[in-house]
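Read the structure below first, then the notes.
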Amino acid sequence: MTDAQPGPPLLEITDLDVFYGDFQALFGVSVSVTQGGATALVGANGAGKTTLLRTIAGAQAAASGSVRYDGSDITAAPPHRRISRGIALVPEGRKLFPSLTVEENIQVGAAAAASDAWPLDRIYGAFPMIATRRKQRASTLSGGEQQAVAIARALAAAPALLLLDEISLGLAPLVVGELYETLAGLRSTGATLMIVEQDLRRAMDACDSLVCLLEGRVALAAPVTSVSRDEVVAAYFGEGRS
């Protein structure tokens, strides 16, 4: 996925503070995501990765700081406005509707689509593993198939910015490889990706930039080609560059 040439910033996060009640989850986080790029978001459990994605998607409110998308300030915009602007989140744990079929779950994502760029036939072409399961209930699918449906549901909203939270968690390496091949294809169509990933090797292979969070703060942000795995590991454990 690293062959794509990144463009101008699509997403600019500046001095972001986020709280859950009295607990502060993010401290002055600043991140820039380039148009057409793929950014890996890494860090230990509790570092703030999911909180950052939820805040970008509008599911969590920012206490201070700003979120700018495609040149506009969306810090206070509700989630449905962000979806219609082209931001879609694939949440950790998939969050499918188990009693609905594959196709019905995907159609939920299409309800607030930014455009008709991802009709069902294109989605099934991108995810052949679920194309033959379209009338099957989501609860009967394998973990990999459920993850594919979760990504397909987000694609149905025709996002320009796709946020993916722990897409490989608990899946077999072969299935993870298939999912990442699909993501590479998405980038070739101009999509911008932000991926939470625990597998550091895969994150660095798949993305062209990397952000490491440590206890709610940015410990490292750099192009993948400019840092070594050892430097990222050091940042992960609080020994990285300031």
Side-chain angles (χ1 to χ4, degrees), residues 7-14 16 18 25-26 29 31-39 41 48-63 65-98 100-127 130 134 138 146-167 179 182-183 185-187 189-196:
L10 177 66
L11 177 72
E12 294 177 281
I13 299 164
T14 306
L16 194 67
V18 177
L26 295 179
V29 169
V31 174
S32 179
V33 177
T34 58
Q35 176 77 50
T39 300
L41 187 58
K49 305 183 299 297
T50 293
T51 297
L52 180 55
L53 292 195
R54 283 173 51 82
T55 305
I56 296 167
Q60 184 67 36
S66 66
V67 179
R68 295 186 64 83
Y69 170 76
D70 198 21
S72 298
D73 190 329
I74 62 166
T75 310
H80 69 277
R81 294 293 185 194
R82 303 188 196 208
I83 293 171
S84 66
R85 290 283 311 270
I87 299 175
L89 170 65
V90 180
E92 182 181 5
R94 299 145 197 163
K95 304 295 192 297
L96 298 179
F97 296 97
L100 298 185
T101 65
V102 165
E103 193 152 299
E104 288 168 340
N105 269 281
I106 294 171
Q107 287 171 332
V108 169
S115 74
D116 59 358
W118 281 93
L120 283 170
D121 58 346
R122 185 181 182 192
I123 289 173
Y124 289 134
F127 290 94
I130 60 171
R134 63 185 70 188
Q146 289 185 10
Q147 191 63 280
V149 174
I151 299 173
R153 180 179 60 188
L155 282 182
L161 174 62
L162 185 59
L163 311 171
L164 303 115
D165 196 357
E166 300 281 17
I167 63 167
L179 290 173
T182 301
L183 295 181
L186 296 182
R187 280 196 69 195
T189 69
T192 302
L193 309 179
M194 194 168 191
I195 306 170
V196 170

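Every heavy atom of this structure was used, including side-chain atoms; hydrogens, water molecules and symmetry mates were not.
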Between side-chain atoms of residues 103-112 and protein atoms elsewhere (two or more places apart, or another chain), which donor-acceptor pairs fall under 3.5 Å?
{"unit_1": "Glu103", "atom_1": "OE1", "unit_2": "Tyr124", "atom_2": "OH", "d": "2.6"}
{"unit_1": "Glu104", "atom_1": "OE1", "unit_2": "Thr101", "atom_2": "N", "d": "2.9"}
{"unit_1": "Glu104", "atom_1": "OE1", "unit_2": "Thr101", "atom_2": "OG1", "d": "3.4"}
{"unit_1": "Asn105", "atom_1": "OD1", "unit_2": "Phe97", "atom_2": "N", "d": "2.8"}
{"unit_1": "Asn105", "atom_1": "ND2", "unit_2": "Phe97", "atom_2": "O", "d": "3.1"}
{"unit_1": "Asn105", "atom_1": "ND2", "unit_2": "Leu100", "atom_2": "O", "d": "3.4"}
{"unit_1": "Asn105", "atom_1": "ND2", "unit_2": "Thr101", "atom_2": "O", "d": "3.1"}

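With sequence neighbours left out, Gln146 forms a side-chain hydrogen bond (donor to acceptor under 3.5 Å, both in side chains) with no residue at all. Among residues two or more places apart in sequence or in another chain, the side chain to side chain contact (heavy atoms under 4.5 Å, CB included) test is passed with Pro119 by Asp121, Arg122. For Asp70, there are no side-chain hydrogen bond (donor to acceptor under 3.5 Å, both in side chains) partners, not counting sequence neighbours.
For the side chain to side chain donor-acceptor pair (under 3.5 Å) condition, the pairs that include at least one residue of residues 71-80, sequence neighbours left out, are Asp73-Thr75. Screening residues 148-158 for salt bridge (Lys or Arg N to Asp or Glu O under 4.0 Å), with sequence neighbours left out, gives no hits.
Within the model, atoms CZ of Arg134 and CD1 of Ile123 stand 10.5 Å from one another, a figure rounded to the nearest 0.5 Å. Expressed to the nearest 0.5 Å, how far CD1 of Ile195 lies from NZ of Lys49 amounts to 14.0 Å.
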Inset, instruction - Show the numbers, then the answer: is there a side chain to side chain contact (heavy atoms under 4.5 Å, CB included) between Ile13 and Leu52? - result: CA-CA 10 Å; Ile13 299 164; Leu52 180 55; 3.9 Å; yes
Legend entry - Residue pair Thr192, Leu11: steps toward the side chain to side chain contact (heavy atoms under 4.5 Å, CB included) verdict: CA-CA 10 Å; Thr192 302; Leu11 177 72; over 6 Å; no
Inset, instruction - Could you give me the CA-CA distance, side-chain angles and deciding distance for Leu186 and Leu155, then say whether side chain to side chain contact (heavy atoms under 4.5 Å, CB included) is met? - result: CA-CA 9 Å; Leu186 296 182; Leu155 282 182; 3.7 Å; yes
Inset, instruction - Please step through side chain to side chain contact (heavy atoms under 4.5 Å, CB included) for the pair Leu41 and Met194, ending with a clear verdict. - result: CA-CA 7 Å; Leu41 187 58; Met194 194 168 191; 4.3 Å; yes
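In this structure, Tyr69 contributes its side chain and Arg82 its backbone to no donor-acceptor pair below 3.5 Å.
Of all heavy-atom pairs spanning Ala138 and Leu96, the tightest one is CB-CD1, 4.1 Å. Residue Ala157 comes nearest to Ile83 through the heavy atom pair CB-CG2, 4.1 Å, listed as atom of the first residue, atom of the second, then distance. The two residues Leu164 and Leu183 come nearest to each other via the heavy atoms CD2-CD2, 4.1 Å. The shortest heavy-atom contact between Ala158 and Ser115 is CB-OG, 3.3 Å. When all heavy atoms are compared, the tightest approach of Ala62 to Thr55 is CB-CG2, 4.2 Å. Considering every non-hydrogen atom in both Ala88 and Ala154, the closest pair reads CB-O, 3.7 Å.
With a 4.5 Å cut-off on side-chain heavy atoms, Val67 and Leu16 count as touching. Counting heavy atoms from C-beta on, the side chains of Gln147 and Val90 come closer than 4.5 Å.
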